[in-house]
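One structure below.
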Amino acid sequence: MRTVTAYVSALDLFSIGIGPSSSHTVGPMRAARVFAEDLRATGRLGEVQRIRCSLFGSLGSTGLGHGTPDAVLAGLTGLCPETCDPNEVRGAWSGLTAGATLTLLGGHSIAISAQDVRFEPRTRLPGHPNALTLTAWAGDSAAPGAVPVLEETFFSIGGGFIRRGAERSSVQTSVVQPLPYDSSAELLALCDAHNLAICEVARRNEEAIHGALALNAGLDAIWEAMHTCVEAGLTGTGVLPGGLKVKRRAAAVRMRLEEYDGQPLRDRDTSTEWLHAFALAVNEENAAGGRVVTAPTNGAAGIIPAVGHYYLRFVPGADAAGIRRYLLTAVAIGSLVKANASISGAEGGCQAEVGAACAMASGALCAVLGGTPRQVENAAEIAMEHHLGLTCDPVGGLVQVPCIERNAIASSTAVSAARLALHGDGTHLVSLDTVIETMRQTGLDMMTKYKETSEGGLAVNVIEC
Ligand code: SF4
């Protein structure tokens, strides 16, 4: 047995947090909290008078629209994305007034002003396009020769995962896994050798980390949080924050569908429209800064819950055990994308976020519809292949346009890819490994302005009013 390098636990890849962005909100909040913990561990917390934060690269470009400064301040006070009240985070920085103070994790209060968070979009640190440096000062930071109490740089590498400047990997498990794999070819070979479904390979690895009881409880909690998010989004109304005046649509779509489905004479199948409504619901909740499950990112958080709800509502025999298999299959695929390419829009464009989520949902749906491991791999490959080259160009730096609709459309693609794969026998020309590698290369070739900077594409062609 060897330590898994590709596999990321479902309980990490699907993390319960807040919107609107896993890399620009959740990750920086976690980084700031880690910094606050480290600061307390120095034993010099009481000396600290000022903390400054520099947001580099994509965090500097679109951090304002993604609520990054709010998240940093919330993290410094000790709030966690998993448990915080989103209302406590929203406005933490943007609502600062003259003479404001911030009580750090550990109970020490310091003066804080909006200028303590700096945006440096033109500076890209080697390591990742999403970087932030936090510096704590005991006195005047402008004094000649001033030495900070603590300075740390973090990278927010997508999906809410963070990496310290010196670390090689954010995913470090010391647990030896029973069924390790680094590629879809290895994963399929394991399925063949042990006569297992993909979700069963994932389960064996997960149980080595968490044990069966904690794993099942964790999966159920993740699904419950996804369901709660869908329900909240299907009733939410009004205009999304940020200034684009984007109206929430999911609730209106739900009401029209309920009315239509209640009629005795119906001449159309509304399953696809419901699928779209589920995705819109999640992404509108995300854009509103609500409670959301990173899957595998926040911008792409609607696809996996939407396809899961489609399965439960429209597939005969669907049940809670199927949802566990659905989530485990999705994470087995998502782990491959994360390890061998990227799930970060700032690194690979939207193909890495929505493309990854679509591949995960498609393969997972194929599995719970009875697909073989090769059909599942085929479904994920089809879904990813038709997102290759997709850029990230959010208008106004907000996770709204094109992100919300894009999740609805990608949910349809996920269902179509699963159905298409089920018509074959699993043999196909382009492997999932090949398409993931192609996505990685395409991300490297993609111009920076199309990677979560809001400096290209729709972001510069849509007039903000
Ligand atoms: S365009 Fe895609 S990658 Fe960019 S913020 Fe929106 S969902 Fe995320």
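Predicted model only: the values in this text are computed from it and were never measured. Whatever order the structure lists them in is the order used to number ligands and atoms, beginning at 1. Computed over heavy atoms, backbone and side chain alike; hydrogens, waters and symmetry mates excluded.
A salt bridge between Arg324 and Asp220 is present, with a side-chain N of the basic residue lying under 4.0 Å from a carboxylate O of the acidic one.
In this structure, a donor-acceptor pair under 3.5 Å is present between the side chains of Thr62 and His24. Residues Ser431 and Thr434 have side chains that bring a donor and an acceptor to within less than 3.5 angstrom of each other.
Glu37 pairs by the salt bridge (Lys or Arg N to Asp or Glu O under 4.0 Å) definition with Arg33, not counting sequence neighbours.
The distance from atom 6 (Fe) of ligand 1 to the nearest N/O/S atom of Cys392 is not under 2.8 Å.
Just one residue in the list Ser61, Pro129, Ser23 forms a side chain to side chain contact (heavy atoms under 4.5 Å, CB included) with Glu452, and that residue is Ser23.
Protein heavy atom in closest approach to atom 2 (Fe) of ligand 1: Cys350 SG, 2.3 Å. Among protein heavy atoms, atom 6 (Fe) of ligand 1 sits closest to Cys403 SG, 2.3 Å.
Near Arg406, meaning under 4.0 Å from any of its heavy atoms, are these atoms of ligand 1: 1 (S). Residue Glu353 has at least one heavy-atom neighbour below 4.0 Å for each of these atoms of ligand 1: 3 (S), 8 (Fe).
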